[in-house]
Amino acid sequence: MGNKFFVLVLLVFVVLYSLSAEDTEEQMEKLFSSDDETYISTELQQHLEYLEKHKLDINKADYDELIELPWLSPHDVDAILRYQKKHSITSPKALQKAGISEEIIEELQPYISYHLPTPVKIITRQRLQLKDNTEYDSPLKFYQKYQANWRNFSLYFLSQKDEGEKEWLDYWSATLYAKDIGFVKTFAAGNYRLSFGQGILFAPKLALSKGGNATHQPIKHYQDIKPYTSTNEAYSLFGIAGDFSLYNIHIIPFYSDYALDGIVENGCIKSIDITGFHRSDTDNDKKDAIWEKLYGVHISYGDQNTFGITAYRDFYDHPFCDSTKKQFQNLYSADYYLNYKNITFFGEGALANEKKAFVTGVLWQQGKFENIILYRDYEKDFPTFHGNPFHAGGNFDNERGLYYGITYRPFARSRLDVYFDVFRFPEESTYGNLPIYGFDSFVQFDQKWTASRIRLTYHHKQTERWRSFDDVSKLYQVKRNTCRCDFVQKINEKIELKFRTEFTYHHYTNTDKYDAGILLYQEVKYFITPKLKNYIRFCQYHTGDIILYMYENDLDGIMLNSQFKGDGVFGYILLKYDIGPHISLQVKYAEKIWKEKQIERSRQVKFQIETSF
């Protein structure tokens with residue numbers, strides 16, 4: 001009965017319920033190439049979703065606001081700022097006169113305005129999520145977020161209760177945030193996050209290092225304080241921080257005193273728990289078991305071309321059981337970011353506990369080409385808890401590598417992104433101090449026409465993994481190859497179809513073992529009006545002993561990269577409706593039927609309401 005109901009609802013939506021330029025979901029899927037399951041949105045996705053509804057005034061935007069748009073290079077940002085000083089930017093044609101290509105303008109259109117938008121005073125969001133096959137007594141997941149703006153001040157509050165948790169305010173955060181008050185550029189009190197330089201000491205933990213934008217994603221230009229609006233409970237700072245600016249000199253003192261989940265045994269910290277789940281007595285024993293305190297300062301000179309230094313002291317209320325982790329530590333770094341004509345030099349070096357870490361690179365633009373070369377070297381046991389610089393994945397310590405990326409626009413409305421990343425983990429005590437190396441290559445070609453577009457992707461990743469086959473455990477060289485084709489066809493002003501075919505296979509080169517998987521999906525975007533968006537996707541997959549990943553369109557605020565294994569089918573219906581200028585409703589129903597050892601089934605419903613005034 002459940003399957004018949006799902007099919008019936010699917011047909012009703014197809015028959016009853018249009019197409020716009022690439023929206024945030026499409027843009028994020030293009031940038032996102034991770035082979036990890038995730039549910040929490042990145043800061044970039046949150047920012048683009050906000051701009052899609054509350055657009056950036058291109059005439060008032062400063063360097064910091066423009067550089068956050070992932071399609072703009074430092075050279076493009078400089079061109080816009082120079083044009084701003086002499087002219088008003090009133091249309092896409094004016095941006096072309098400023099030196100921005102037609103293809104980049106098309107990417108920017110959903111997020112920018114050519115006049116000052118109406119200020120937003122209050123934004124609220126409430127979200128409910130329910131699964132039918134949960135093992136918990138309290139299966140409901142609940143999220144709420146509130147933002148109030150008054151002049152240069154903003155107040156943020158959010159909370160989340162995960163499924164299985166009994167406290168409705170199991171996790172909450174609150175921030176008072178201010179901008180541009182005299183010589184105070186930004187100020188935060190409460191939960192906040194820091195990001196400096198290339199992110200070795202401080203950076204958003206969910207930022208993307210590599211993906212479909214081969215030349216812009218790896219480079220960072222951090223120098224800010226922002227409210228902590230993630231539901232990942234582990235990486236917030238709690239205290240005060242301010243950016244005091246005078247004559248291009250920025251002084252950012254900060255202080256944090258924050259409780260972390262973890263296990264403390266025999267008076268020492270055995271582990272820090274970053275899951276944030278408090279479902280059982282064991283989980284509750286971990287809650288707020290550890291206190292971390294830190295204080296320091298970041299000093300920088302310049303806004304577009306910058307030199308900065310950071311120094312801070314970090315300490316915990318218990319020593320670590322692992323002697324390589326320190327209870328008390330002093331951390332230092334120096335960073336630079338320099339633009340000269342069409343060339344950008346960037347880098348950061350850091351020192352902590354006599355361990356060193358640095359990343360350096362150069363980005364240059366010439367005609368239709370953009371190139372980037374980046375080298376990084378992070379010593380083993382360098383503290384990684386608050387940092388997130390460019391790296392291959394996981395904790396970034398114990399990694400050395402060279403990255404080369406290129407972006408080329410060969411034809412009108414086309415784009416080719418290619419990168420090669422060779423990396424090595426010089427020390428690996430887990431496997432008897434055996435060094436491990438890896439190679440990552442990526443090619444993605446996009447071509448757009450008036451009513452259709454195609455994206456071809458090839459991703460090859462080679463690394464070494466400890467595996468057991470035929471009762472033999474050893475280090476195997478694993479090659480993962482993914483070939484993907486996405487095709488989008490605009491039927492008319494109301495209907496857009498999307499098709500994906502993906503084939504992935506693993507080869508263990510020092511044995512005869514192979515694994516393969518295939519994933520197919522079809523999606524319909526069908527709009528009643530520009531304010532009513534409907535997404536319907538049906539997916540089929542077949543895998544061996546490997547996992548496939550698929551980025552899903554989801555409710556605003558969720559970045560969902562789901563995993564699939566076995567043989568199965570999956571489908572969802574997502575409805576986003578802007579009832580008026582102030583209220584938005586979103587509903588998603590998803591169902592999955594699959595077989596590994598036996599046939600299993602799961603269903604999920606999500607509901608979200610958002611208001612803005």
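Owing to the predicted nature of the structure, the values given are computational and were not obtained by experimental measurement.
- Distance alone, capped at 3.5 Å, is enough to place a donor-acceptor pair between the Lys494 side chain and the Ile528 backbone.
- Neither side chain, Tyr63 nor Glu68, offers a donor N or O lying under 3.5 Å from an acceptor on the other.
- With hydrogens and angles left out, the side-chain atoms of His221 and Thr306 include a donor and acceptor closer than 3.5 Å.
- Side-chain contact check for His216 and Glu370: at least one donor-acceptor pair (N or O, by modelled atom type) lies under 3.5 Å.
- With sequence neighbours left out, Asp64 forms a side-chain hydrogen bond (donor to acceptor under 3.5 Å, both in side chains) with Lys185.
- Rounded to the nearest 0.5 Å, atoms OG (Ser414) and CH2 (Trp449) are 9.5 Å apart.
- A ring-centre distance under 6.0 Å is found for Tyr378 and Phe396.
- Note that Lys121 lies outside the cation-pi zone of Phe613, set by a 6.0 Å cut-off to the ring centre and a 45° limit from the axis.
- Aromatic ring centres of Phe570 and Phe564 lie closer together than 6.0 Å.
- Looking at Gln366 and Asn342, their side chains do bring a donor and an acceptor atom within 3.5 Å of each other.
- By the 6.0 Å and 45° rule, Arg127 stacks over the aromatic ring of Tyr143.
- Note on ring orientation: taking the six-membered ring where Trp is involved, the planes of Tyr375 and Phe358 are tilted (angle from 30° to 60°).
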Practice prompt. Would you please test Leu575 and Leu532 for side-chain contact (heavy atoms from CB on, under 4.5 Å) and show each step?
Written response: CA-CA 7 Å; Leu575 183 66; Leu532 179 58; 3.4 Å; yes
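- For Trp71 and Tyr111, the distance between ring centers is under 6.0 angstrom.
- Side-chain N or O atoms of Lys55 include one that pairs as donor or acceptor with a backbone N or O of Pro110 at under 3.5 Å.
- Among residues two or more places apart in sequence or in another chain, the side-chain hydrogen bond (donor to acceptor under 3.5 Å, both in side chains) test is passed with Asn339 by Thr344.
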Worksheet entry | Working for side-chain contact (heavy atoms from CB on, under 4.5 Å), residues Asp421 and Phe442 | CA-CA 9 Å; Asp421 188 26; Phe442 178 89; over 6 Å; no
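- At a cut-off of 3.5 Å, with distance as the only test, a side-chain donor of Ser195 or Arg193 sits close to an acceptor on the other residue.
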Can you give me every donor-acceptor pair (side chain of residues 400-412, partner residue at least two apart or in another chain, under 3.5 Å) with its distance?
{"unit_1": "Arg400", "atom_1": "NE", "unit_2": "Asp377", "atom_2": "OD2", "d": "3.3"}
{"unit_1": "Tyr403", "atom_1": "OH", "unit_2": "Ala214", "atom_2": "O", "d": "2.7"}
{"unit_1": "Tyr404", "atom_1": "OH", "unit_2": "Asn371", "atom_2": "OD1", "d": "2.5"}
{"unit_1": "Thr407", "atom_1": "OG1", "unit_2": "Thr215", "atom_2": "OG1", "d": "2.9"}
{"unit_1": "Thr407", "atom_1": "OG1", "unit_2": "Asp417", "atom_2": "OD1", "d": "2.8"}

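- A donor-acceptor contact under 3.5 angstrom links the side chains of Tyr521 and Lys498, judged on distance only.
- A donor atom on one side chain and an acceptor atom on the other are not found under 3.5 Å apart for Tyr336 and Asn305.
- Across all their heavy atoms, Pro92 and Ile105 have their closest contact at O-CD1, 3.5 Å.
- Because its NZ or CZ atom is not both nearer than 6.0 Å to the ring centre of Tyr535 and within 45° of the ring axis, Lys525 does not count as a cation-pi partner of that residue.
- His459 and Tyr419 have perpendicular rings, their planes meeting at more than 60° on a 0 to 90° scale where under 30° would count as parallel.
- Between Glu102 and Gln96, the closest heavy-atom pair is CB-NE2, 4.0 Å.
- Remark: the Tyr505 side chain and the Thr482 side chain contain no N/O donor-acceptor pair separated by less than 3.5 Å.
- Looking at Asp556 and Gln586, their side chains do bring a donor and an acceptor atom within 3.5 Å of each other.
- Enclosure of atom NZ in Lys226 by more than 12 non-hydrogen atoms of other residues, nucleotides or ligands within 6.0 angstrom is indicated.
- In this structure, Tyr301 places its OH atom where only 12 or fewer heavy-atom neighbours from other residues, nucleotides or ligands lie under 6.0 Å away.
- Ring pair His54/Tyr50 is tilted by interplanar angle, where 30° to 60° counts as tilted.
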